[in-house]
There are 2 protein chains.
Amino acid sequence: MLKIGELAALASVSRDTLRFYEKHGLITPGERSGAGYRLYSETDVHRISFIIGAKEVGFTLNEIHQLLELEVTKDEKSCYDIKQFVDAKISIVNQRLAEIKRIKKSLQTLSSACCGGDEPATHCTILEALSEQTN
Amino acid sequence: MLKIGELAALASVSRDTLRFYEKHGLITPGERSGAGYRLYSETDVHRISFIIGAKEVGFTLNEIHQLLELEVTKDEKSCYDIKQFVDAKISIVNQRLAEIKRIKKSLQTLSSACCGGDEPATHCTILEALSEQTN
DNA sequence: ATAAACCCTAGAGCATGGTCTAAGGTCAAA
DNA sequence: TTTGACCTTAGACCATGCTCTAGGGTTTAT
């Protein structure tokens, strides 16, 4: 059984983060020592590593919550359910990707229209472009 | 001179948003009517459209603040300064882009390793992959 | 025995970009 | 004149993901 600081070190997160995850239902309390210290089992360690893995691939804590429910009830779920979940996330990520690409393009258009020279920016094309009504 | 609701309609933002921008120093008060109503001039309209344009190309409100300062003092700035600012933002956007692409790839790897079939997810490769220690 | 290092709780604070509420005052039309 | 649509303020609230503080108890090493 690990104390919170030990698990925190193991998982490279802060103690506060672990308590935060607990408060938000991502990781269930487990046991407590006589003095009220949290004690983490193997299962808890596994769960934390699941959370961190999911965070790393871009799931929000909310989505991880849902994933954990899928995991807990996985014997009643099909692979199809799980894959659907991931695919839905992929399409969200695709939207964000498109949005960021759009932004990048706009910025590049701005930048390349500007001479970038020494002259005062009184009539800088960048500032002028930003002032234009878009709606 | 426009009242706040008129400018809000014109700019397609809420009245609250305009007051919020004012509170955060993005748009200076301008005049007030006898009853204390905000009155927006042509210059203010121009400024709002600048803010909205900048938001649309992906600048944060903080960055817009800096851009507005550049705009106000543009006679003392060079095109070089302005272009530098935009280019710095482009490199931030590039980082975000790379991060999102990484996430997308991870998700696709997860998804494509999963059979997606009817069988119970007891040994679903997705859940297993998420559980693996990454550090 | 005492100080350092750890643990606990509840709750505030941060950054981002607003939205909403309460409790009022004002203005225009019917 | 009274209703409804508009305006004012200060401050609370939302989501996201923590981080920090205050005020306390415990454990461990010297």
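Proteins come first, then strands; the chains are lettered A, B, ... in the order of their sequence lines, and each starts at number 1. Keep in mind the model is a prediction, meaning the values are calculated, not measured.
Using a 4.0 Å cut-off between charged nitrogen and carboxylate oxygen, A:Glu99 and A:Arg102 count as a salt-bridge pair.
Per the geometry, CD1 belonging to A:Ile4 stands 12 Å off C1' belonging to C:dT9, to the nearest Å. For the pair A:Leu18 CG and C:dT9 P, the computed distance is 13 Å after rounding to whole Å. B:Ile92 has its CD1 atom 12 Å from the P atom of C:dT16, to the nearest Å. One interatomic measurement links the two molecules: CG of B:Leu39 to P of D:dC6, which rounds to 16 Å at whole-angstrom precision. One atom, NZ of A:Lys3, and another, P of D:dT27, lie 8 Å apart when rounded to the nearest Å. B:Ile64 places its CD1 atom 12 Å from the C1' atom of C:dT16, with the value rounded to the nearest Å.
Between B:Ser14 and the phosphate of C:dG18, there is no side-chain N or O to OP1/OP2 separation shorter than 4.0 Å. Applying the 4.0 Å criterion to OP1 and OP2 of C:dC6, one finds that A:Arg15 has every side-chain N and O outside that range. Here A:Thr17 reaches the OP1 or OP2 of D:dT19: one of its side-chain N or O atoms lies under 4.0 Å away.
Screening A:Val13, A:Leu67, A:Ile64 against A:Ile51 for a side chain to side chain contact (heavy atoms under 4.5 Å, CB included) leaves a single residue, A:Ile64.
For the pair A:Thr73 (side chain) and A:Glu69 (backbone), a donor-acceptor distance under 3.5 Å is present. Checked by atom type and distance alone, the side chain of B:Thr122 never pairs as donor or acceptor with a backbone atom of A:Asp75 at under 3.5 Å. A donor-acceptor pair is defined here as one N or O able to donate and one able to accept, closer than 3.5 Å; such a pair exists between the side chain of B:His24 and the backbone of B:Phe20.
Among residue pairs with one or both ends in residues 76-98 of chain A, those qualifying as salt bridge (charged side-chain N to carboxylate O under 4.0 Å, His left out) are A:Glu63-A:Lys89; sequence neighbours excluded.
At a cut-off of 3.5 Å, with distance as the only test, a side-chain donor of B:Ser41 or B:Asp44 sits close to an acceptor on the other residue.
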For nucleotides 9-17 of chain D, 5' to 3', base contacts (B), sugar-phosphate-only contacts (S) and non-contacts (-) with protein non-hydrogen atoms under 4.0 Å give B------SB
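Side chains of B:Ile48 and B:Tyr40 form no contact here, defined as non-hydrogen atoms less than 4.5 Å apart.
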Atom pairs under 3.5 Å: protein N/O with N/O of nucleotides 24-26 of chain D:
unit_1 : atom_1 : unit_2  : atom_2 : d
D:dG25 : N2     : A:Tyr37 : OH     : 2.9
D:dT26 : O4'    : A:Tyr37 : OH     : 3.1

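Environment of OH in B:Tyr80: sparse, with no more than 12 heavy atoms of neighbouring residues, nucleotides or ligands closer than 6.0 Å.
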